[in-house]
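Along the sequence shown, residues are numbered consecutively beginning with 1.
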Amino acid sequence: MERRVAERLRGALGPLGLEAHAFKVGWYNAVLQPAFHLPYPDDTLAFVILSTPSMFDKALKPFVKKERLKIIRDPVDQCISYHLSRVKEKFPDQRVDVMFDYEILPSRKPKFLAQTAAHVAGAAYYYQRKDVKHDPWGKKKIYGVCIHPKYGGWFAIRGLLLFPGIQVLFLEQPAPVDCVSTEEKRIELLEQFNFHWQDGRYRDIIEVKERYSEEQRVYFATPPAERFRLLGLTQEAQ
């Protein structure tokens with residue numbers, strides 16, 4: 001069942017520059033405090049959805065062009081929401097719950113921890129302070145970051161699709177690719193991400209197959225309120 005669902009998802013999302021990686025809710029809940037658990041049985045089938053560098057041209061720009069006369073708030077969020085809603089229609093006999101990376105609970109906690117989901121699904125390796133044996137940072141707060149084996153840091157985690165009616169007892173958990181395998185490189189990665197994230201050097205910690213285009217880099221480097229004009233949107237569209 002998982003294989004059929006995965007094939008249908010990848011057939012729908014792949015042409016949009018999106019990836020879908022399967023996992024069991026239990027894998028995710030097992031590595032987190034109860035306050036962050038997903039409220040589903042452990043064997044529930046779920047998918048973490050990533051956007052790759054090609055999403056900008058394959059999904060975002062066509063979406064904006066098509067939706068130009070409608071109210072646009074955050075173009076990327078709305079684009080992802082639109083396409084994942086369309087995907088739900090491909091499973092008329094199944095309940096499909098969607099969670100987006102930007103959603104928060106009334107407690108102000110995120111609905112899900114995106115990087116943890118990507119790691120347990122084998123989609124990207126979540127490098128954290130605990131992955132460095134000789135910690136050089138003392139009392140400084142150090143945030144972790146996911147690295148994709150193909151795209152490095154040139155990708156984003158956009159959401160989850162959960163199938164409460166599908167229980168997958170025997171799904172085998174894939175290990176994420178440990179592509180930043182040396183202590184020296186891990187320190188360099190966490191240093192760049194925590195203290196120099198604006199220059200984006202951490203994204204190229206490994207040799208990548210594809211990066212964001214120059215147009216896409218400019219878009220994401222521009223303050224959100226000013227991004228509309230880059231997509232050809234008028235003030236009224238905001």
Side-chain angles (χ1 to χ4, degrees), residues 17-23 26-38 47-56 76 100-102 104 108-160 172-214 216-224:
L18 300 173
E19 290 184 352
H21 297 265
F23 68 98
W27 303 346
Y28 174 91
N29 288 348
V31 297
L32 292 171
Q33 298 294 324
F36 292 102
H37 284 186
L38 294 171
F47 290 83
V48 62
I49 308 300
L50 313 182
S51 62
T52 71
S54 66
M55 181 276 295
F56 193 81
V76 173
F100 297 102
D101 65 300
Y102 53 82
I104 57 173
R108 308 301 295 172
K109 289 188 176 75
K111 273 198 171 181
F112 74 99
L113 299 183
Q115 299 199 103
T116 299
H119 185 93
V120 301
Y125 200 107
Y126 184 23
Y127 291 97
Q128 302 175 73
R129 188 173 194 159
K130 64 182 177 62
D131 295 310
V132 173
K133 292 176 183 174
H134 303 290
D135 189 322
W137 298 295
K139 294 183 179 180
K140 290 179 182 176
K141 176 73 174 176
I142 299 295
Y143 295 95
V145 60
C146 272
I147 295 296
H148 190 287
K150 184 176 179 182
Y151 304 114
W154 301 102
F155 78 104
I157 304 158
R158 299 298 181 182
L160 299 184
E172 188 173 338
Q173 184 172 9
V177 178
D178 181 7
C179 48
V180 187
S181 55
T182 69
E183 175 94 346
E184 181 183 23
K185 275 293 186 182
R186 290 179 180 183
I187 291 173
E188 182 184 344
L189 169 64
L190 293 174
E191 287 269 345
Q192 290 181 358
F193 180 70
N194 280 271
F195 307 122
H196 309 286
W197 61 268
Q198 295 96 329
D199 63 26
R201 281 183 296 153
Y202 78 90
R203 299 178 188 271
D204 285 313
I205 194 69
I206 64 169
E207 188 173 332
V208 299
K209 302 262 192 321
E210 190 179 350
R211 295 179 178 86
Y212 290 174
S213 64
E214 184 60 30
Q216 190 172 178
R217 291 190 212 189
V218 169
Y219 177 83
F220 286 116
T222 300

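- The shortest side-chain heavy-atom distance between Tyr202 and Leu190 does not fall under the 4.5 Å cut-off.
- Contact of the Arg217 side chain with the Arg211 side chain is registered, since non-hydrogen atoms from C-beta on lie closer than 4.5 Å.
- For the atom pair CG (Leu38) and NZ (Lys111), the distance works out to 10.5 Å, reported to the nearest 0.5 Å.
- Put simply, CZ on Phe220 and CZ on Phe56 are 6.5 Å apart, with the number rounded to the nearest 0.5 Å.
- Aromatic ring centres of His119 and Tyr125 lie closer together than 6.0 Å.
- Around the CH2 atom of Trp197, the shell of radius 6.0 Å holds no more than 12 heavy atoms that belong to other residues, nucleotides or ligands.
- Counting heavy atoms from C-beta outward, Lys140 and Phe195 have side chains that approach closer than 4.5 Å.
- Listed by first and then second residue, the side-chain hydrogen bond (donor to acceptor under 3.5 Å, both in side chains) pairs that reach into residues 27-36 come to none, sequence neighbours excluded.
- Between atom OG1 of residue Thr52 and atom OH of residue Tyr212 there is a gap of 8.5 Å, rounded to the nearest 0.5 Å.
- Within the model, atoms CZ of Phe36 and CG of Leu113 stand 5.5 Å from one another, a figure rounded to the nearest 0.5 Å.
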request  = Just do the side chain to side chain contact (heavy atoms under 4.5 Å, CB included) check on Phe193 and Ile142 with the steps written out, would you?
outcome  = CA-CA 9 Å; Phe193 180 70; Ile142 299 295; over 6 Å; no
Please tabulate, for side-chain N and O atoms in residues 146-159, each donor-acceptor pair with protein atoms closer than 3.5 Å (sequence neighbours left out).
residue, atom, partner, partner atom, Å
His148, ND1, Lys150, N, 2.9
His148, ND1, Tyr151, N, 3.2
His148, NE2, Glu19, OE1, 3.1
Trp154, NE1, Asp204, OD1, 2.9
Arg158, NE, Ser51, OG, 2.9

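- Considering every non-hydrogen atom in both Tyr127 and Cys179, the closest pair reads OH-N, 2.9 Å.
- Here the rule is side-chain contact (heavy atoms from CB on, under 4.5 Å) with Leu189, and of Asn194, Asp131, Val145 only Val145 fits it.
- Of the charged side-chain nitrogens involved, none lies within less than 4.0 Å of a carboxylate oxygen, so that Arg186 and Glu183 do not count as a salt-bridged pair.
- Scored by the side chain to side chain contact (heavy atoms under 4.5 Å, CB included) test, Ser213 finds Glu215, Gln216 as partners (sequence neighbours excluded).
- The local environment of CD in Gln198 is crowded, with over 12 non-hydrogen atoms from other residues, nucleotides or ligands closer than 6.0 Å.
- In this structure, the separation between CG on Leu18 and CG on Leu50 is 8.5 Å, given to the nearest 0.5 Å.
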